[in-house]
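Values below: every heavy atom of this structure, side chains too, minus hydrogens, waters and symmetry copies.
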Amino acid sequence: MGWSIRKKLIIFLMIVTVLPFGSAIAITYYHTKESLKDRFVSTNHDVIESGKQDITTYLTDISRITSAMYTYSPLMNALKDGVSSDLEKNEQEVKRILLYLYGARPEIEQLYLYIHEGKDSYTNYHWHVSGRGRNEDIFSNPYYFQLITGRNYTAIEPPHDIYSYNNLSSIPQSEKKKVISFHNIIKNVPAEDFLGFLSIDINLSQLSAIADRLYTKEAEDFYIMNENGVIMYSSEEKLIGTENTQTWFQHVKKAPLSSHSLEWKDKQFSGVIVYERFSAPFQEWYIVKRIPYNLLYQSARETAFINILIGLVTLVIVVLATMFISFKFTSPIKVLIANMKKVEKGEFQADFDSLGNDEFGMLGRHFKLMIATINDLIQREYKLELENKRSQLRVLHSQINPHFLYNALQSIGTLALKHKAVQVYSLLTSLSKIMRYSLNMKDDIVPFTQEVQHVKDYLALQKQRFGEQLQYELHIQPELEDMFVPKMILQPIVENCFKHGFDQQLETAFIRLEAQLQEHEIVRIKITDNGKGMNSEQVTRLERELLEQLPADAKQGESIGLKNIYDRLQIYYSHEAKMRITSDETNGFTVTIELPKFLNKEVQPS
């Protein structure tokens, strides 16, 4: 009886599935090819239309970067009067604006500023501002000549290999890449007097990110071209920066403005070309997408094939599913679900040995590996996050409108300069740097040079306080300049020298900070003072406190700073960092830190 019912069910399913399904596939395939093409072209044109808006907005934003200079009066004064009118101050303003503009967008590779008064020029390549250079032959550049003789404020140079303006930038051969240059003229508004040029070299990353959303890679051809046919971007990287001389592009240029597509067939390409004209800053550009027929009709063929396949598979699945899936597939899933529920409750343990050698077995093995990884991450990342959050909370409790304080310090510093109180301005600058560095919540990992600079700024302020009573030395090997370290691991130790080491009886307080690269890529950092030290019993107790795992509410006393630094180093360097303390009651206090030069990949900055 059972087999008879199955047989009838199979025959019934074949009749009600195969005949209607097969007839629908045949009729649909032959009667929908043209409508599919029309919809495909319409959809792609809508995509291009949307991409046109994004590209236009992006190019306009880049061309408007120069407008930030017009709002900065000190720089405009330098452009009008020339850098030589007040060399030190004006060069500082030039450096400030070049660094500010370079940081405005991540795709900027290089900035070049030419100041006509004095014919001075500067570059900023990868955050390095060059020294002053003189450019007597500026108008030999066709784009600068075009700007000075025309009425446009921006000229776009098509993609080209990045080069050094006026030989001011040092660009390694290995770092040369294709860039698009936005050459901008700077005028004294509203007088329209010519002041100089600003050139902005951008890489193609953002343009590529926008373009990659508009076509299917390896299947469609995509082009962005200027009015002269020079390819600004293409799905074929080797064509970028070359001129498009193909016949189909001439037809696109001659097509009516109301037309947005054409069908094309030659030896190289057979399909539909969808295009759109749009206005880049002061130029007419073209965005073109070529869709081959095999891709255009692929959807219809694949749909028919998939529908047939689905029909056959469905018949088989209907017959076998109830007998096979109920045990074979659901049993391992139930085991995994039960273990996942345990994980949800916080029990990170698996109660099964294996789920087999198939995909479910692999899933079970990866599930167990995931639990082990989670346990490890909880021990490392979660504790690190807690320490960072506590640090941020402590800073937030003491933070009183940092932007107000920055602006106030800048105003006081400006007033100090006006009254020729240069020392006061320097101290305010150091204080401002310390505040910015301490209150920056974004970066947990910083270059070692920034950490050392933070100590320098702190010691500069203490030097003003103690005068000749305080002496300090810093010895940092040049090999460590490219090293990254956790933030705030040096200054708290130096601060402890003042809090616990120095008293009023010292004639001269001395602090020495040195960092050296040892064998096996180990960096040794040593901070020494000549202040009040500790006896051997106190040193032993302090080192024991560093090694003990104390709860957060138990971290009190004078060792809290060293304990926090030690805990953070263990988390960031996976217990490969060491901290030693040496001291006696007559020869001061020394903290020695040894850590790998390179951080773990999990915490290393991108």
[X] and [Y] ion-paired at < 4.0 Å:
{"X": "Glu594", "Y": "Arg580", "value": "yes"}
{"X": "Asp201", "Y": "Lys177", "value": "no"}
{"X": "Lys176", "Y": "Asp161", "value": "no"}

Donor-acceptor pairs are to be reported for all side-chain atoms of residues 74-82 against protein atoms at under 3.5 Å, with residues two or more places apart or in another chain.
residue : atom : partner : partner atom : Å
Asn77   : ND2  : Ser73   : O            : 3.2

4.5 Å side-chain heavy-atom contact, [X] and [Y]:
{"X": "Ile581", "Y": "Leu546", "result": "yes"}
{"X": "Ile162", "Y": "Asn203", "result": "no"}
{"X": "His475", "Y": "Arg512", "result": "yes"}
{"X": "Ile115", "Y": "Val94", "result": "yes"}
{"X": "Lys95", "Y": "Gln92", "result": "no"}

What orientation do [X] and [Y] show, parallel under 30°, tilted 30 to 60°, or perpendicular over 60°?
{"X": "Phe194", "Y": "His116", "value": "tilted"}
{"X": "Phe498", "Y": "Tyr458", "value": "perpendicular"}
{"X": "His183", "Y": "Tyr165", "value": "perpendicular"}

Could you tell me whether a side-chain N or O of Glu545 sits under 3.5 Å from a main-chain N or O of Lys563, the two making a donor and an acceptor? no
If only atom types and distance count, is the side chain of Lys597 paired as donor or acceptor with the main-chain N or O of Glu479 below 3.5 Å? yes
CG of Leu470 to CZ of Phe510: how many Å apart, nearest 0.5 Å?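 Answer for the CG-CZ pair, Leu470 versus Phe510, is 10.0 Å.
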Taking the six-membered ring for Trp, are the ring centroids of Tyr102 and Tyr100 within less than 6.0 Å of each other?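 Judged by ring-centre distance (under 6.0 Å), Tyr102 and Tyr100 do not meet the cut-off.
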Heavy-atom closest contact (Leu168 atom, Gly131 atom, distance): CD2-O, 4.1 Å
